[in-house]
A.B. asks: 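Mind looking over this structure? Questions follow.
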Amino acid sequence: MKHLLSITDFTVEEISEVIAVAEDISKNIYSYSEKCKNKILATLFFEPSTRTRLSFESAMLSLGGKVLGFSDANSSSSSKGESVSDTIKVVSCYSDIIAMRHPKEGAPLVASMKSSVPIINAGDGGHNHPTQTLTDLLTIKTEKGRLDNLTVGFCGDLKFGRTVHSLIQALARQKGIKLVLISPDELKIPDYVKTDVMDKYGMEYIETTSLEKAMPELDVLYMTRVQQERFFNEDDYLRLRDSYILTVDKLSSAKKDMCILHPLPRVNEIAVDVDDDPRACYFKQVQNGRYVRMALIMKLLGVK
Amino acid sequence: MNIDAIKNGIVIDHIKAGKGMEIYNFLNLGELDCTVALIKNVSSKKTGKKDIIKIDASIDLNFEVLGYIAPEVTVNVIKNGETVQKVRPEPPKFLKNVIKCKNPRCITSVEQGIDQCFKLTDSGVYRCIYCESKAKN
Ligand SMILES: [Zn+2]
């Protein structure tokens, strides 16, 4: 039995397989409408995230399956102090697969040790969120036609951004990826990501503080939120914030076929008028999130 | 200063000066009934100063713990006054219930009845298998 707790649980081949099925789903979704008939997905959200939960439920319903679950810890027995282990032992009797979100890091691993059905990590605190990474990969694949030989820029908060670290982990195993890491000094990529991922796989990368300078060579630009609470004082935040906001002006030097990603929700790091640019792919990502979750559920349930 | 040579027992040698007490505590040597000597700041040709622990009984040392906190030491097993075995403890690949995760956001901080587990990573640091935080003593 296979779980998806971290993107590294899947080999490059397994990721390609899921992406390929997701691409096919995007072309004829209705031919998949009975693939998971009579199967039940439990969505256990110990912490609310309406967006992610709906994406999972929509995916399962599109496969002809059924869903049950809870959307925050207050409506579940965990508010009465029931452990993750006990909740999972019970729920795995009621369902064929479980998607869980939990505020504590590593909770899905505990769940996988006790579960009799596959577990999908739908986010565990600031730790992992592998279905976001699969969504990012599917979007890059559909927009660029490939996952290798790309120059990928990451902009904003590279220190705390779990989606950034996870996508870098996934790209590390592809050939010919060059990373351009664009952030203020305060929010640079942590050393352990460099040593344990980028250096380990011999990835080519440069670090810069200037989005404008980096722009012309990028095939993909991954934007993240720069949050005020990451800074010691407001002046630093205000000074830096504007340098990491994507505007139509800054886009003028970008490649015509660059693709712009963002894990959403956005606050102000992408100006609203960028949305009309054909290079803006962040709303397409939402649609891709549904397709890739469908493909993932099928894979973990062993449905062809 | 002279400490009697032991006849049957264990000598943990080449402990980094100042680290002897930590090892003493980690191995729970305070609970032993036999004579245990912790000798600090012994002059050493190699490192200038070192600590030594002598245990006057043949006990089962927890090499996993020792390999984690002090892989640099040498363990001498003494029988009838002679060193019969010299062992360098290896840093273990996996630590189960030796140390606790200190990350307050880790599931181990709230979930009852799960093992505290750490894995040795490629870069030589131990990380919690649940939250992947670095181990801190
Ligand atoms: Zn932990």
Side-chain angles (χ1 to χ4, degrees), chain A residues 3 5-9 44 46-47 73 76-89 100-115 119 121 123-130 160 162 165-166 169 172-173 190-202, chain B residues 16 18-19 22-23 25-26 47 62-73 88-137:
Chain A
H3 308 285
L5 310 177
S6 151
I7 195 66
T8 51
D9 290 342
L44 308 187
F46 296 86
E47 167 187 76
S76 79
S77 53
S78 70
S79 62
K80 299 180 200 114
E82 189 175 52
S83 64
V84 169
S85 308
D86 286 2
T87 305
I88 292 298
K89 278 185 211 157
M100 74 176 277
R101 190 183 188 96
H102 198 285
K104 292 289 183 191
E105 301 172 8
L109 177 61
V110 172
S112 72
M113 292 166 167
K114 308 289 174 180
S115 179
I119 300 284
N121 180 1
D124 58 337
H127 185 218
N128 279 321
H129 191 9
F160 299 98
R162 63 177 175 186
H165 304 164
S166 176
Q169 272 180 335
R173 294 178 288 171
D191 283 340
Y192 73 87
V193 178
K194 287 188 193 169
T195 55
D196 292 8
V197 184
M198 289 150 57
D199 294 343
K200 182 178 168 189
Y201 289 94
Chain B
K16 223 170 97 194
K19 210 174 177 181
E22 193 187 338
I23 295 175
N25 288 331
F26 246 103
T47 51
N62 189 334
F63 277 91
E64 194 180 66
V65 171
L66 203 53
Y68 166 63
I69 53 169
E72 72 279 2
V73 305
R88 291 282 302 270
E90 288 271 319
K93 299 251 181 299
F94 198 83
L95 286 174
K96 191 166 156 184
N97 296 329
V98 174
I99 44 169
K100 278 198 170 114
C101 183
K102 299 275 169 67
N103 174 7
R105 296 178 309 279
C106 180
I107 186 66
T108 58
S109 68
V110 291
E111 182 87 357
Q112 302 289 313
I114 50 172
D115 292 321
Q116 293 273 352
C117 299
F118 285 78
K119 226 167 38 187
L120 183 61
T121 62
D122 293 341
S123 48
V125 296
Y126 286 91
R127 287 187 185 277
C128 172
I129 65 161
Y130 303 96
C131 70
E132 296 179 87
S133 293
K134 249 192 226 177
K136 293 184 191 112
N137 280 350

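The structure presented is a predicted model; accordingly, all values stated were derived computationally and were not measured.
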A.B. asks: Let me know if B:Thr108 has heavy atoms under 4.5 Å from chain A in its side chain, its backbone, both or neither.
C.D. replies: neither
A.B. asks: Answer with side chain, backbone, both or neither: which region of A:Asn128 has an atom nearer than 4.5 Å to a non-hydrogen atom of chain B?
C.D. replies: side chain
A.B. asks: B:Ile129 and A:Leu109: which non-hydrogen atoms are nearest, and at how many Å?
C.D. replies: O-CD2, 3.1 Å
A.B. asks: Is the backbone of B:Cys131 close enough, under 3.5 Å, to the side chain of A:Lys104 for a donor and an acceptor to pair up by distance?
C.D. replies: no
A.B. asks: Nearest 0.5 Å, what's the CZ-OH distance between B:Arg127 and A:Tyr192?
C.D. replies: 6.5 Å
A.B. asks: Assess whether atom CD of B:Glu90 is packed by more than 12 heavy atoms of other residues, nucleotides or ligands within 6.0 Å.
C.D. replies: no
A.B. asks: Pick one of side chain, backbone, both or neither for B:Val125, based on which atoms fall under 4.5 Å of a heavy atom in chain A.
C.D. replies: neither
A.B. asks: Could you tell me whether B:Lys19 atom NZ has more than 12 heavy atoms of other residues or ligands within 6.0 Å of it?
C.D. replies: yes
A.B. asks: I would like to know whether A:Glu105 and B:Ile107 meet side chain to side chain contact (heavy atoms under 4.5 Å, CB included); could you show each step before the answer?
C.D. replies: CA-CA 6 Å; A:Glu105 301 172 8; B:Ile107 186 66; over 6 Å; no
A.B. asks: What's the shortest heavy-atom distance between A:Asp196 and B:Ser123, and which atoms?
C.D. replies: OD1-OG, 2.8 Å
A.B. asks: Tell me whether B:Glu111 contacts the main-chain N or O of A:Ser85 through its side chain, where contact means a donor paired with an acceptor under 3.5 Å.
C.D. replies: yes
A.B. asks: Is it the case that more than 12 heavy atoms not belonging to B:Lys16 sit under 6.0 Å from its NZ atom?
C.D. replies: no
